[in-house]
Structures are given as C-alpha cells and as structure tokens.
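Structure first, commentary second.
Only a predicted model underlies this, so the values are computations on that prediction, with no experimental measurement involved. Just so we're on the same page: letters track the sequence lines, and every chain starts at 1.
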Amino acid sequence: MIKQALEEIARGTAEIIDMERIKKLVTQYYTDGTTYTVKAGFDPTAPDLHLGHTVLLQKLATFQKFGAQVQFLIGDFTAMIGDPTGKSVTRKVLSKEEIVQNISSYTKQAFKILDESKTTIVYNNDWLEKLGAAGILQLASNLTVARMLERDDFSKRYTSNTPIAVSEFLYPLLQGYDSVHLRSDIEIGGTDQKFNLLMGRQLQKVYGIHKQQSVLMMPILEGTDGVQKMSKSLGNYIGVTEAPKEIYGKILSISDTLMWRYYELLSDKSLEETVKLKGDVASGTLHPKKAKEALALEITTRFYNEELATLAKEEFDAVFKAKKLPTQMDEYEMPEGIWIAQALVDANLEPSTSQARRDIRQNAVSIDQKKISDEKLNLSAGEYVLQVGKKRFAKVKVGS
RNA sequence: GGUGGGUUACUCAAGUGGCCAACGAGGGCGGACUGUAAAUCCGCUGACUACGUCUUCGAAGGUUCGAAUCCUUCACCCACCA
C-alpha cells in the first residue's frame with residue numbers, strides 16, 4: 001500500500017529532493033493517521049487555469065489521497081512583485097483589485113481537481129505584510145548577491161543586459177519565507193521553481209525549523225505547439241474552462257510525440273496501461289490517432305462529464321472527417337448587398353477586410369461550403385454559412 | 001553624477017537621405033499532402049471597396065522637393081566608471 005502510494009507520488013516527477021522524508025510522512029499516515037502538509041504556491045495573475053496548471057493540481061490531489069493536507073497558497077503579496085522565473089523582462093505589477101478579482105475564479109477552477117475538504121487556502125499577504133521593512137531586511141541578509149546570480153535566469157538576464165529589478169531578488173526570499181511561516185512538510189512546484197523551492201529549505205533551516213521541507217518538482221508541460229511551455233500569453237494553451245469541443249479538438253491537434261508527454265503528465269491511466277498503449281502504437285497494432293482520441297476523451301471528461309465529452313467527439317468527427325457543418329455557429333444579421341470582405345469582418349471571422357481579401361485570393365473562404373474566388377462579391381438576401389479555413393464558421397442572415 | 005551604446009511590425013533583427021509599407025529568421029494564418037498529427041512544399045503576413053490613398057520605424061518639433069535614416073529637445077533601457 002505504502003509502496004504503491006510512493007510510486008504514484010513519484011510518477012511523472014522531474015526531481016524529488018529528500019524522498020526519505022516523504023516516505024516517512026506517508027508511512028506515518030498509514031501507521032497512525034497523522035496528516036502532513038503539502039504547500040503549493042499560485043500566482044493570482046492568470047484567472048484562467050490551463051492544463052499546465054493542472055499537472056501540479058493533480059499531483060496535489062494525489063497527495064491528498066495519501067494523507068496530505070494541501071496548503072493552497074495564493075501569492076497575493078508576491079504577485080505585487082511578479083515572479084521573475086522564466087521571464088526575460090520584468091513583469092508588470094498588478095493592482096490589488098485585479099488580484100482580488102482573479103482569486104475567486106482561480107480557486108473555483110482548482111476545486112475541479114482538488115479535494116476541497118483537504119485543502120486550506122492561505123494568502124501570503126497575511127503574514128508578509130506584517131513582516132515590515134525590518135523583517136525584510138533581516139530576511140534579505142540571509143542571502144548574497146553572488147548566490148542570487150547563481151540562479152540561471154538571473155545570470156542569463158544579467159549577461160544579456162536585460163534589466164533585473166532589485167525587487168525581483170526578493171521574490172525567492174519571500175516565497176521561501178512562506179514555507180517558514182506555514183511550516184510546510186513538502187512543497188511542490190515546476191522545475192523552473194527549483195531555486196525558489198530550495199530557498200524554502202534554506203530559510204526553514206535559518207529560522208530554526210528542524211525538519212526542512214521536501215521538494216517535489218514537476219516538469220513543465222509544453223503547450224500545443226510542443227516546444228514552448230504552455231502559457232496563455234503564447235496562445236498555446238488548453239484552458240480548463242474552454243468548451244468541450246475546444247478541449248477535445250486542441251488535444252487532437254497536438255503532435256504524436258507530445259501526446260505521450262500529455263499521457264504521462266495528465267492522464268489518470270496507470271503507468272502499465274500507458275506503456276502498453278505506447279507499445280501497441282509502436283508495433284502498429286493501434287493507430288496513433290486512436291490513442292490520441294482516448295486521451296482527448298479522458299481529459300474532456302475530467303472537466304465536464306462523459307456525455308458531453310462523447311458529444312464533443314461526435315461533433316468533431318462530423319465536422320472534420322465528414323466535412324459537415326458544426327451544429328453550433330455564431331449567427332449574424334447583415335444588410336443586403338454587403339461586401340463579402342466586410343461580412344467576414346462583421347462575423348468576426350477576419351480581423352480586417354485586407355486580411356479577408358488575402359484569404360479569398362488564397363482560396364480559404366467558402367460560402368455554403370463552396371470555395372469562392374471573387375473578392376468583390378456582394379451578398380444578396382438570404383442565409384449563408386461563411387467559412388474561413390478549416391475551423392472558422394459563422395451563419396449570416398442577409399437582408400431583412 | 002560622468003562616458004559610451006541602444007529604442008524598427010507579434011518576437012528577434014537588417015536598413016544611416018529617394019530603389020522603404022520597410023531585407024531576413026522565427027511565429028501566425030492559408031493552400032497542397034494527411035489523421036484538423038508530425039515532416040515537407042507553396043503562398044500570405046499595416047489599414048482602406050484598393051494597380052491608388054492613408055497611417056507606421058520610442059515621443060514631440062525642425063532641416064529638406066523628399067526622412068526609419070540628418071538636427072534639437074524629451075522619455076525609457078543597457079554597460080563601464082564614480
């Protein structure tokens with residue numbers, strides 16, 4: 001039982017520091033029911049969670065199954081600084097109002113995965129605000145500039161003449177201090193957080209906490225492009241609040257290589273099942289697309305339910321395999337004689353008439369599933385389905 | 001505080017008086033091929049009912065027939081020195 005728990009905990013992780021401690025904590029839980037705390041920090045900058053965030057959330061959920069109380073830390077104070085991790089430029093500072101607004105939608109989405117009864121939401125503003133200038137100075141005295149510059153992204157930015165705000169140096173310190181305050185047993189985060197996570201251990205030692213937290217790092221999930229990390233600003237994300245057909249479609253559009261990565265980090269399938277699946281695809285017994293469909297269904301089901309996920313699949317197959325029209329389309333009304341390029345813009349299919357004309361010239365635009373080539377066309381009265389490329393559809397009603 | 005360098009489209013990055021709506025690369029979009037996969041090939045990538053007009057090269061002025069390019073002021077960034 002304990003062995004199985006530890007295997008599940010270790011699954012998909014990039015690195016674990018002090019696995020022994022985790023082993024002890026889990027063992028103790030199974031011996032006398034003593035729980036332990038697992039901390040994870042969340043930046044309230046992105047109100048929309050995407051699959052990249054869920055990698056971490058799922059790991060937390062795993063811990064909850066094995067006796068952990070999750071400390072769901074909202075970095076409302078640190079968000080005012082902006083985590084420098086992985087950023088090539090200094091991040092903009094958020095206002096208090098923006099932060100408050102982001103938090104509620106954030107936690108709501110997170111509880112689609114986490115067990116609410118085993119989760120404590122904490123805000124680091126509660127204790128960091130009280131730290132005061134003196135406290136911060138004391139905290140900062142624990143670290144040298146040279147040590148800070150050891151950190152990869154700082155040194156890269158430094159050597160490439162990219163600015164580093166002094167306040168950014170404080171970020172790892174404050175995050176580490178959170179672990180001191182919360183006396184966390186374990187902290188989990190992405191590999192890009194390594195420096196910050198280790199800071200927690202170091203500061204716990206300095207502040208006289210005998211048991212330093214274990215650190216568990218999850219790999220960063222690549223976005224749908226398969227190269228860069230999943231992030232909203234890069235537009236390569238799959239959001240958990242997106243419509244079922246969006247989630248399903250986006251997963252199906254990832255590359256085969258990336259699919260295995262998603263299986264490892266996002267699927268609930270056991271390790272053996274995944275290995276078998278991979279073997280079947282490699283040997284040609286199973287078409288890779290089948291494996292991808294299964295994954296897409298599983299993940300869509302997680303955020304909705306099986307029925308809606310199946311519907312999404314059917315819709316997808318109808319539109320893209322059978323080339324039928326989607327069942328749901330935005331509808332617009334337009335005056336008679338409207339110029340086709342203008343109609344495409346008004347239906348939000350194109351950003352400008354210039355772009356619309358270019359696409360018509362490139363054979364990308366269809367009316368009622370027939371390609372058109374006349375960019376000067378005016379629409380007479382009637383109902384049409386406009387389409388740009390493979391994915392963009394709209395229904396328009398022309399005339400009164 | 002001093003000295004030097006920099007700011008060009010989504011990003012990186014050419015361009016130092018007209019050939020510049022601005023090379024190139026990446027990204028994005030579209031087409032072909034497919035499994036809406038990858039890889040590959042091709043095209044497009046400021047706006048405007050459009051072989052012309054308008055707005056863009058940190059900001060504002062100026063010189064000039066003509067400026068991303070020259071001058072002035074301002075803002076921001078970086079390095080070295082203090």
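The residue among A:F320 and A:R392 whose nearest nucleotide of RNA chain B is located toward the 5' end is A:R392.
Side-chain atoms of A:N142 come within 3.5 Å of backbone atoms of A:L139 as a donor-acceptor pair (strictly under, hydrogens ignored). Looking at A:N124, its side chain never comes within 3.5 Å of a backbone N or O of A:D178 through a donor-acceptor pair.
Of the charged side-chain nitrogens involved, at least one lies within less than 4.0 Å of a carboxylate oxygen, so that A:R261 and A:E222 count as a salt-bridged pair. Remark: A:R11 does not engage A:E7 in a salt bridge, criterion side-chain N to carboxylate O under 4.0 Å. Ion pairing of A:R358 with A:E375 is absent here, as no side-chain N (NZ or NE/NH1/NH2) approaches a carboxylate O to less than 4.0 Å. For the pair A:E298 and A:R302, the salt-bridge criterion is met [side-chain N within less than 4.0 Å of a carboxylate O]. Checked for salt-bridge contact, A:K211 and A:D185 miss the test: no charged N lies under 4.0 Å from a carboxylate O. Contact check on A:K289 versus A:D256 returns no salt bridge, with no Lys/Arg side-chain nitrogen under 4.0 Å from an Asp/Glu carboxylate oxygen. A salt bridge between A:K397 and A:E331 is absent, with no side-chain N of the basic residue lying under 4.0 Å from a carboxylate O of the acidic one. With respect to the salt-bridge test (charged N to carboxylate O, under 4.0 angstrom), the residues A:R201 and A:E187 do not qualify.
Rounded to whole Å, the separation between the C1' atoms of B:rC44 and B:rG35 comes to 26 Å. Using atom C1' as the reference point in both B:rG2 and B:rU53, the two lie 50 Å apart (nearest Å). Across B:rU8 and B:rG15, the matching P atoms stand 14 Å from one another, rounded to whole Å. With both ends at atom P, the span from B:rG62 to B:rA68 equals 15 Å, rounded to whole Å. Using P as the reference atom, B:rU36 and B:rG27 are 23 Å apart when rounded to the nearest Å. Using C1' as the reference atom, B:rA22 and B:rA9 are 9 Å apart when rounded to the nearest Å. To the nearest whole angstrom, the two C1' atoms, one in B:rG6 and one in B:rA14, are 16 Å apart. Atom name P, nucleotides B:rG4 and B:rA67: the rounded distance is 30 Å, in whole Å.
The cationic group of A:K39 does not satisfy the cation-pi geometry with A:F72, failing either the under 6.0 Å distance to the six-membered ring centre or the 45° limit from the ring axis.
Annotation: proximity of residues 350-378 of chain A to RNA chain B (heavy atom, distance under 4.0 Å) is found for A:S352, A:T353, A:S354, A:R357, A:R358, A:Q362, A:N363, A:A364, A:K371, A:N378, numbered in ascending order. Residues from residues 241-268 of chain A lying near RNA chain B, meaning a heavy-atom separation below 4.0 Å, are A:G249, A:S253, A:I254, A:S255, A:D256 in numerical order. Of the residues in residues 288-297 of chain A, A:P288, A:K289, A:K292 come within less than 4.0 Å of RNA chain B through at least one heavy atom, sorted by number.
For the pair A:L349 CG and B:rC29 C1', the computed distance is 14 Å after rounding to whole Å. In this structure, NE2 of A:H287 is placed 14 Å from C1' of B:rU36, rounded to the nearest angstrom. For A:L344 and B:rA47, the CG to C1' distance is 17 Å, given to the nearest whole Å. The separation between A:I238 atom CD1 and B:rA37 atom C1' is 13 Å, rounded to whole Å. Rounded to whole Å, the distance from CG on A:D225 to C1' on B:rU36 is 16 Å.
The distance between the ring centers of A:Y177 and A:Y207 falls below 6.0 angstrom.
With both pairing distances under 3.5 Å, B:rG1 is matched to B:rC81 as a Watson-Crick or G-U wobble pair. In this entry B:rC44 has B:rG28 as its Watson-Crick or G-U wobble partner, both defining distances falling under 3.5 Å. Here B:rU36 sits opposite no nucleotide as a Watson-Crick or G-U wobble pair (both hydrogen-bonding atom distances under 3.5 Å). If you check B:rC76 for Watson-Crick or wobble pairing at under 3.5 angstrom, you find it paired to B:rG6.
Closest to the A:K321 side chain, of the nucleotides B:rC29, B:rU49, B:rU36, is B:rU36.
Each of A:L143, A:L174, A:V180 was checked for a side-chain contact (heavy atoms from CB on, under 4.5 Å) with A:L203, and the lone residue meeting it is A:V180.
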